[in-house]
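This one's a predicted model, so the numbers in the text were calculated from it and none came from an experiment. Sequence lines set the chain letters: A, B, ... in the order given, protein chains first and strands last, and positions in each chain run from 1.
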Protein chains: 2
Amino acid sequence: MKIRNRIITAAETAFDHCGFTATGMDRLTETANVSSRTLYKHLGNKNALIVAALEHRRRRFFAQLDVESVDALFAALLDWTEAEGARGCLFLRANGETGGEVPEISDAVTAYRTDLRDLIERLVVSEIGSTHETDTILVLFEGAVTAACYRGTQAIAAARTAAAVVLKQPRQPQ
Amino acid sequence: MKIRNRIITAAETAFDHCGFTATGMDRLTETANVSSRTLYKHLGNKNALIVAALEHRRRRFFAQLDVESVDALFAALLDWTEAEGARGCLFLRANGETGGEVPEISDAVTAYRTDLRDLIERLVVSEIGSTHETDTILVLFEGAVTAACYRGTQAIAAARTAAAVVLKQPRQPQ
DNA sequence: GCAAATGTAAAACGACCGTTTTACATTGTC
DNA sequence: GACAATGTAAAACGGTCGTTTTACATTTGC
């Protein structure tokens with residue numbers, strides 16, 4: 001189980017840094033220090049490796065985002081970005097590159113989105129007692145991830161401040 | 001100049017719907033109703049066609065976003081999304097698929113980002129008299145585009161409301 | 001100590017794809 | 001009415017890439 005993990009870990013960073021299509025099997029075997037035969041024996045094919053890398057990313061990401069407030073969520077995103085860099089949401093990119101035509105990959109992306117929304121909803125409810133601003137915080141989170149690609153961590157800081165403002169705001173009648 | 005335009009227009013929607021890598025030259029010639037020889041004579045190669053399609057998208061997009069307030073900006077984004085669908089920012093996707101290693105494409109993406117930020121900055125200044133909340137609105141805009149992929153137009157509505165709240169908020173001392 | 005399992009190294013396969021070329025039809029202009 | 005210019009249709013080229021195969025080395029458990 002050690003080799004499989006090494007392959008997946010190396011693949012996650014390779015895909016993140018160079019893209020899914022642009023990363024060939026030769027680079028994946030190289031960075032994982034395994035032969036192509038071993039890689040195929042352990043993962044089956046490239047799509048399965050992409051799925052495994054996405055699931056690995058999902059676990060790592062939400063492990064770092066295991067927080068108890070919306071403010072701490074953005075603080076954790078800041079830490080993540082400072083450690084990992086900002087190249088956009090890996091799941092969004094995976095979906096874009098495959099055109100949503102690889103079901104297993106789409107499933108992995110959907111799983112991530114569900115987890116993210118569940119997390120945010122839980123935090124929002126514990127903070128203001130209703131789910132009412134969940135989409136707002138979700139938008140701020142997604143926007144922070146995307147805008148950080150070219151505005152850096154100050155995009156995350158801006159999202160963090162805006163989230164605080166929105167949640168402090170007295171609930172408007174619909 | 002009519003054929004070139006037909007090729008670029010068809011390419012823009014093909015790339016948008018199926019992705020850049022996943023869209024082969026055969027599909028591009030098919031949807032534009034031209035021979036491959038004509039396509040190459042007019043555009044040169046696939047990367048140049050991608051750049052042309054991105055520039056075409058940029059012109060169309062900002063033509064629809066020619067507004068005078070932040071609220072109208074999100075209203076215009078709503079209109080755009082209802083007409084075109086939500087598949088994520090085409091420029092972000094282009095960058096992701098090429099790994100940022102095709103300079104001409106990266107330039108087109110940078111041009112879009114610059115235009116978007118300039119537009120938002122202009123609107124924010126005209127609304128609150130300072131550039132202070134530009135990054136916040138930018139984050140909300142990017143987040144709305146991304147989240148609309150799986151939350152639909154209500155993500156844009158949430159961003160729109162949040163933008164109004166943020167801009168109404170009394171300026172906090174730094 | 002010897003199979004069986006598991007690994008490496010590297011060549012080969014087969015399909016796909018961007019691009020070019022060949023051969024031919026259509027058009028507009030002097 | 002001939003001749004560029006510009007178009008189509010389709011075959012061919014050449015490289016890349018995911019995947020498989022061949023040949024061989026190394027571990028591991030009975």
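Position along DNA chain D of the nearest nucleotide to B:T38 versus A:G24 favours B:T38 as the more 5'-ward residue.
Contact annotation for A:N47: no contact, since no heavy-atom pair falls under 4.0 Å across all strands. Here A:N45 lies in heavy-atom contact (under 4.0 Å) with sugar-phosphate atoms only.
If you check C:dG7, D:dG7, C:dG18 against the side chain of A:K41, the one that comes closest is C:dG7. Residue A:S35 places its side chain closer to C:dT8 than to any other of C:dT8, D:dG18, D:dG7. Among the nucleotides D:dG18, C:dT19, C:dG7, the one closest to any side-chain atom of A:M25 is D:dG18.
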Checklist outcome for this item: Whether each nucleotide of nucleotides 22-28 of chain C has a protein heavy atom under 4.0 Å at its base (B), only at its sugar-phosphate (S) or at neither (-) is summarised, 5' to 3', as BB-----

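Straight-line distance from the NZ atom of A:K46 to the P atom of D:dT19: 8 Å, rounded to whole Å. As a whole-Å value, the separation of B:I50 CD1 from C:dG18 C1' is 11 Å. Distance A:L49 CG to D:dC17 C1': 15 Å, rounded to the nearest Å. D:dT21 atom C1' lies 16 Å from atom CG of A:L39, rounded to whole Å. Here the P atom of nucleotide D:dG18 and the OH atom of A:Y40 are 7 Å apart, to the nearest Å. Between the CZ atom of A:R6 and the C1' atom of C:dG7 there is a distance of 10 Å, rounded to whole Å. One can place CD1 of B:I7 at 14 Å from P of D:dT6, the figure rounded to the nearest angstrom. Between B:F15 atom CZ and C:dG18 atom C1' the separation is 12 Å, expressed in whole Å.
A donor-acceptor pair shorter than 3.5 Å cannot be found between the side chains of A:Y112 and A:E55. Side-chain polar atoms of A:T131 and A:T134 form no donor-acceptor pair below 3.5 angstrom. Looking only at atom types and distance, the side chain of B:T9 has no donor-acceptor partner in the side chain of B:E12 under 3.5 Å away.
Without hydrogens or angle criteria, A:R37 side chain to A:V34 main chain gives no donor-acceptor distance under 3.5 Å. Judged by distance alone, the side chain of B:T13 and the main-chain N or O of B:A10 form a donor-acceptor pair under 3.5 Å.
One finds a salt bridge joining A:R60 and A:E84 here, because a Lys/Arg side-chain nitrogen approaches an Asp/Glu carboxylate oxygen to under 4.0 Å. With respect to the salt-bridge test (charged N to carboxylate O, under 4.0 angstrom), the residues B:R93 and B:E97 do not qualify.
Close to D:dT6, at under 4.0 Å from its OP1 or OP2, lies no side-chain N or O of B:H42.
A donor N or O paired with an acceptor N or O is not found under 3.5 Å between the base of D:dT19 and the side-chain atoms of A:S36.
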